[in-house]
Every structure is written in structure tokens, then in C-alpha cells.
Amino acid sequence: MRRWLFGGRASSFADMTDLPKSLRDALQAEFTFWTTTVATHSRADDGTEKLLLELHDRQRIECVLLRDGERRTVCISSQVGCAMGCVFCASGIDGVVRNLTTGEILEQLLRLARLLPATERISHIVVMGMGEPLANLDRLLPALAVAQDPEGMGISQRRITISTVGLPPGIERLVTENPGYHLAVSLHAADDELRTRLVPVNRAIGLAEVMEAADRYWEVSGRRLTFEYVLLGGVNDSPAQARDLVRLLGGRAALVNVIPYNSVEGLPWKEPSTTARERFLEVLREAGVNVQVRRRKGARIDAACGQLRRISARAAAAEAVIPRADIASPAG
Ligand code: SAH
């Protein structure tokens with residue numbers, strides 16, 4: 001069953017053709033193979049595919065498959081909604097509904113793996129979908145353990161990134177239990193006043209504590225840290241703010257992942273101008289900071305997590321028909 005589930009890509013118990021027929025029938029009668037249904041499946045020209053999955057309680061979550069050269073990266077959600085309240089993010093607008101179960105987290109991986117041809121496998125996992133993963137470690141870690149298991153999906157821990165708003169107790173837990181993951185910390189501002197404005201949970205934590213926890217993770221894991229920084233035009237994109245960021249990083253061997261803001265309908269934030277972005281990057285580079293600008297993928301299919309769910313919820317509220325199919329519908 002494991003082989004069928006993880007390598008063989010069965011989509012029902014009936015597919016497991018080397019099991020006795022009577023057993024397959026019994027499994028079919030007693031168990032449910034999938035707990036989710038595919039509410040929408042969209043595909044962008046750049047190869048990005050996005051699934052909106054409906055859970056047993058009708059809640060919806062998003063997960064994405066990204067194709068980049070040889071890489072097959074999947075982006076998965078950890079919660080329905082999010083409690084962190086980052087002001088520019090679509091996932092948290094209505095707060096958190098609930099944690100995903102281990103099975104629901106795993107099911108995103110299995111569903112996405114089945115979008116690939118038989119010759120391809122998922123190579124990387126990023127937990128950067130809806131939700132705050134460090135607020136649901138109890139369910140996330142067992143799912144990732146299956147993803148890593150050679151008898152599961154066999155994805156090396158080094159290729160799994162957990163992105164967090166920076167919850168020190170969660171980081172501490174990873175330090176003691178499981179420091180092998182690649183950790184990405186969402187900063188978005190280098191001073192507490194602005195960070196609290198953009199990432200309200202910062203009020204109770206503060207940057208010093210976030211950086212201290214990140215340092216401990218780095219010491220124990222030996223893995224370079226990534227700091228994420230969403231550039232919002234006229235808000236956190238000035239050269240002075242770039243210098244603040246350089247100062248905050250203080251020579252740490254870190255990578256700064258600059259993320260172009262993906263506009264969310266109804267929110268007032270704007271993308272920075274190209275000049276502002278280039279100036280910001282230049283300050284970082286001149287100070288010797290490793291910078292990467294995340295390329296936008298799948299914008300046309302609202303691949304910025306949390307957006308599709310909102311749009312679909314609105315459509316449902318308006319009693320519009322949402323396509324419900326296991327086959328791809330053209331994006332756009
Ligand atoms: N809760 C985790 C995972 C969230 S999603 C965290 O905060 O890291 C991963 C990244 O996408 C985070 O850095 C998040 O701030 C960023 N993000 C959220 N909304 C965005 C948007 N509209 N445009 C660009 N990046 C966004």
C-alpha cells in the first residue's frame with residue numbers, strides 16, 4: 001500500500017492491483033482514499049499548477065506545484081486561514097479557522113505528486129502556503145517525516161523549507177527536536193515599529209528575540225538562514241530601510257529573499273517601482289549581503305497563497321458555480 005501510495009500513485013484502493021481483490025474491496029468499503037476533493041485545478045503558462053482543495057468540512061486550502069529547470073517544488077499550506085494577521089497577506093484576512101491534520105498536509109503532497117508525469121518526482125517542499133507552520137508543528141512534523149522517509153516520498157530534509165513569521169518557541173522546538181530543515185524567517189521590516197505595523201504578532205515578540213532564535217537555529221543546524229522581505233512600495237523599500245536591514249543582519253551568513261509584492265484585491269499595498277527595488281537591492285549587495293529576488297510564478301492563477309481561496313469563497317457567496325473537476329481547467 002505504501003508503494004502504491006507514494007511511488008505507484010494509486011488514486012483509489014482499486015488501483016492497487018497486486019493486492020487480493022477481496023482486500024481491495026474491503027479497503028474500499030471501510031476506508032476513504034482521499035479526504036479532500038479538487039475544487040479547482042489551474043495551470044499557468046510557466047508550468048505552475050495550483051490546486052484548491054476542499055476538505056471534509058467544506059473548508060478550502062491551496063497548494064501549488066512549481067516547475068523551475070529540474071526542480072519540482074511544491075508549496076503547501078499548514079492551516080486553514082492564519083492568525084498572524086500580516087497586513088498585506090490574503091491568507092490571514094479572516095483569521096485562522098483551524099489547523100490542518102497530518103493527513104491533510106500529506107494529501108497536498110500526494111495530490112501534487114500526481115500532477116507530474118511518471119518520470120518526475122517532487123524534489124523540494126516549501127511550507128509557504130496558507131497558515132503559520134510553527135503554530136501547527138504537532139501535525140506538520142509527522143507529515144514531513146513521511147515526506148522524508150525513503151519508504152515514503154524520499155525527499156531529503158535539506159530540500160524542505162519551513163517559512164515562519166518567526167515564533168521563537170516554535171523555532172526553539174525545531175532547534176531541540178529537528179534542526180535539519182531549511183528555515184526561512186519572514187522579516188519584512190528591520191525596525192520594530194514598522195514590523196509591528198506589517199506583522200502585528202511582532203508586538204509581543206520583537207525583532208531581537210526573533211533574531212536570537214534564528215541564530216540558535218543556525219548554530220545547531222549549520223544551515224544558512226533565509227530571511228524573507230516582501231517589498232511594499234513606499235512602505236519598506238527605501239535605501240535607509242535597506243541600510244537598517246544590513247545593520248540588523250550584522251554580517252550573519254544569511255540569504256535575503258526579496259519577494260515582489262503580489263497585489264491582493266481590496267488591500268492598499270503597492271508593488272515598489274523598479275527604481276526603488278533596484279536601489280534597495282543595491283544597498284544590500286554593496287554591503288555584501290546575499291540577495292535573491294523571488295521570481296513571480298503563476299501570478300495569473302493567483303498563486304500567491306490565500307488568494308484563490310478568497311476568490312472562491314466570494315464566488316460561492318454569490319452563488320456562482322465553482323468548477324469542480326479532477327481535470328485541469330485552463331488558467332486565465
Ligand atoms: N506564515 C509563514 C508562511 C507564509 S507565506 C510566514 O509568515 O513566513 C510565505 C511568505 O509569503 C511570507 O514571507 C509571507 O509574508 C509572504 N507573503 C504573504 N502575502 C504575500 C503577498 N501578497 N505578496 C508577496 N508575498 C506575500
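Remember, it's 1-based here, ligands and their atoms both numbered in the order they're listed. No experiment lies behind these values; they were computed from the predicted model shown.
Residue Gly131 has at least one N or O atom closer than 3.5 Å to an N or O atom of ligand 1. An N or O contact shorter than 3.5 Å links Asn262 to ligand 1 by distance. Any N or O atom pair closer than 3.5 Å counts here, and Ser186 shares at least one such pair with ligand 1.
With ligand atoms numbered from 1 in the order given, ligand 1 contributes 6 (C), 7 (O), 8 (O) to contacts under 4.0 Å with heavy atoms of Val165. Remark: ligand 1 atoms within the under-4.0 Å shell around heavy atoms of Cys89 are 18 (C), 19 (N). The atoms of ligand 1 that sit less than 4.0 Å from any heavy atom of Val264 are 22 (N).
Panel note: side chain Gln79, backbone Glu132; a donor-acceptor pair is recorded below 3.5 Å. Under the 3.5 Å distance criterion, the side-chain polar atoms of Ser163 are left unmatched by any main-chain donor or acceptor of Met128. Between the Gln241 side chain and the Ser238 main chain, a donor and an acceptor come within less than 3.5 Å of each other.
Contacts between Pro260 and ligand 1, counted as non-hydrogen atom pairs separated by less than 4.0 Å, involve the backbone only.
A donor atom on one side chain and an acceptor atom on the other are found under 3.5 Å apart for Glu107 and Thr35.
Among the candidates Leu53, Leu52, Leu115, the single residue satisfying the side-chain contact (heavy atoms from CB on, under 4.5 Å) test with His41 is Leu115.
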